[in-house]
Amino acid sequence: MEEVKMLFGVGINDFEEVHGHKAFTRKDGGFRDRRYLMWQAMLSRCYSEYTKSVRPTYVGVVCDRGWTRYSNFYKDVSNIQGFDKALSSNWVLDKDILVKGNKIYSLGTCCFVPPEINGCFTLRSLNRGDLPIGVGRSKYGLPYKARCGFNGERVLIGHYKTPEEAFEAYRLVKKKEIVRLAEKWKDEISCQVYEALLSWNIEITD
């Protein structure tokens, strides 16, 4: 009996077994099935020790047990609103927006969002040390500075006396940016994503 090779020790590509023909998992005339690439990337974030070592925010992250089988992921992910955008416009499979602090990739917790929204929620814990989110130490003037990311760039908000003051300045700017993105993409993202963005709370412990 042929031994089943598992991706990252857990993933089983049973597509041919279920559907009767092979999935496009490798380049074939310049084409590769985006669902397989999503599945592969998700499993890497969940179960690759190397990925977790270079991106510690994925420590503790897992996927729904059913999604370790490619046939289940293939079926479910196609039913998430925005999947068509993932095929045509590189929208991203996100696990954090619908459920803040979520550590499980699953049908009930994942959504598709444009990279601009996904990037707005990327944490940079290693860069700030023991300071609140959005806060860093300043070499000039007041001892603390607040910065916020816009389209991949870190923009200085101002300098402040305390970490708490700097965080509050960051929180206000960040919330305004999240609301702006929600309104910008309102007609394309799902209602659940839109509502989650509008109600998002930014806390000093994030």
Side-chain angles (χ1 to χ4, degrees), residues 6-12 34-70 73 77 80 86 90-139 143-157 160 162-164 166-171 173-175 177-178 181 193 196-197 199-206:
M6 294 186 176
L7 191 61
F8 302 108
V10 296
I12 300 174
R34 283 280 295 162
R35 277 165 289 206
Y36 183 83
L37 296 180
M38 291 175 200
W39 183 65
Q40 185 180 50
M42 178 196 70
L43 290 179
S44 175
R45 292 191 288 270
C46 293
Y47 303 109
S48 166
E49 292 301 322
Y50 173 76
T51 299
K52 292 177 186 292
S53 70
V54 297
R55 302 186 67 180
T57 53
Y58 286 115
V59 172
V61 172
V62 297
C63 74
D64 180 274
R65 186 175 180 180
W67 276 15
T68 59
R69 287 186 172 271
Y70 180 49
F73 179 84
V77 79
I80 298 176
N90 292 322
W91 278 31
V92 181
L93 183 67
D94 186 283
K95 64 170 176 51
D96 305 305
I97 292 176
L98 294 182
V99 183
K100 186 177 181 180
N102 174 54
K103 294 284 188 179
I104 303 175
Y105 281 92
S106 70
L107 179 60
T109 59
C110 286
C111 61
F112 280 107
V113 294
E116 185 178 23
I117 290 180
N118 180 259
C120 189
F121 292 91
T122 300
L123 296 178
R124 296 176 174 82
S125 302
L126 292 179
N127 295 339
R128 70 176 191 256
D130 59 351
L131 294 173
I133 187 170
V135 178
R137 288 183 172 82
S138 177
K139 297 180 181 178
Y144 299 98
K145 60 185 177 183
R147 295 183 299 174
C148 188
F150 296 92
N151 295 321
E153 296 185 6
R154 301 286 284 170
V155 177
L156 178 67
I157 299 171
Y160 304 88
T162 68
E164 292 76 17
F167 167 74
E168 182 60 19
Y170 163 82
R171 188 187 69 80
V173 171
K174 188 71 171 184
K175 179 63 178 179
E177 173 65 1
I178 292 173
L181 291 174
V193 171
L197 294 176
S199 62
W200 192 267
N201 290 320
I202 303 165
E203 301 169 292
I204 199 168
T205 53
D206 285 350

Does any non-hydrogen side-chain atom of Tyr70 lie less than 4.5 Å from one of Ile12? no
Do Phe121 and Val113 have side-chain heavy atoms sitting under 4.5 Å apart? no
Asn90 side chain near Arg34 side chain, heavy-atom distance below 4.5 Å: yes
Please examine the side chains of Val92 and Pro114, heavy atoms only from C-beta on, and report whether any two atoms are closer than 4.5 Å. no
Just so I know, are the side chains of Lys145 and Val135 near enough to count as touching, which here means a heavy-atom distance under 4.5 Å? no
Do NZ/NE/NH1/NH2 and the carboxylate oxygens of Glu203 and Lys100 come within less than 4.0 Å? yes
Applying the side-chain contact (heavy atoms from CB on, under 4.5 Å) criterion to Ile178, which one of Ile202, Ile117, Val173, Ile97 satisfies it? Ile202
Could you go through Asp130 and Arg137, starting from their C-alpha distance and side-chain angles, then the distance that decides it, and tell me whether this counts as salt bridge (Lys or Arg N to Asp or Glu O under 4.0 Å)? CA-CA 11 Å; Asp130 59 351; Arg137 288 183 172 82; 3.7 Å; yes
Could you tell me the separation between the CZ atom of Arg45 and the CD atom of Gln40, rounded to the nearest 0.5 Å? 11.0 Å
Sidechain N-carboxylate O distance under 4.0 Å for Glu49, Lys52: no
At what distance, to the nearest 0.5 angstrom, does SG of Cys63 lie from CZ of Phe8? 11.5 Å
Please report the shortest heavy-atom distance between Ala146 and Ala166, naming the atom on each side. CB-O, 3.3 Å
So, taking the atom named CZ in Arg55 and the one named OG in Ser44, what distance separates them when rounded to the nearest 0.5 Å? 9.0 Å
Given side chains that start at C-beta, do those of Pro132 and Ile204 come closer than 4.5 Å, heavy atoms only? yes
Are any non-hydrogen side-chain atoms of Lys103 and Val62 less than 4.5 angstrom apart? no
Just say parallel, tilted or perpendicular for the rings of Phe73 and Trp67, cut-offs at 30° and 60°. perpendicular
Using 0.5 Å steps for rounding, measure from the CG atom of Leu7 to the OH atom of Tyr47. 11.5 Å
Do Lys175 side-chain atoms and Trp200 backbone N/O form a donor-acceptor pair below 3.5 Å? yes
For the backbone of Ile157 and the side chain of Arg147, can you confirm whether one donor and one acceptor N or O come within less than 3.5 Å of each other? no
Could you tell me the separation between the CE atom of Met42 and the SG atom of Cys110, rounded to the nearest 0.5 Å? 8.0 Å
Rounded to the nearest 0.5 Å, the CE atom of Met38 sits from the CD1 atom of Ile80 at a distance of 9.0 Å
Using modelled atom types only, decide if a donor and an acceptor are shared between the side chain of Lys174 and the backbone of Cys120 within a distance under 3.5 Å. yes
Please confirm whether the backbone N or O of Ile104 pairs with a side-chain atom of Thr109, one donor and one acceptor, at under 3.5 Å? yes
Short side-chain to backbone donor-acceptor contact, Tyr105 and Leu93, under 3.5 Å: no
Asp94/Asn118 under side chain to side chain donor-acceptor pair (under 3.5 Å): CA gap, chis, key distance, verdict: CA-CA 7 Å; Asp94 186 283; Asn118 180 259; 2.8 Å; yes
Considering non-hydrogen atoms only, spot the tightest contact between Thr68 and Trp39 and give its length. O-CZ2, 3.2 Å
Salt bridge check: are Asp64 and Arg69 linked by an N-O gap of less than 4.0 Å? no
Between the side chain of Tyr144 and the main-chain N/O of Ser138, is any donor-acceptor distance below 3.5 Å? no
Residue pair Trp91, Phe112: steps toward the ring-ring contact (aromatic ring centres under 6.0 Å, His included) verdict: CA-CA 6 Å; Trp91 278 31; Phe112 280 107; 8.0 Å; no
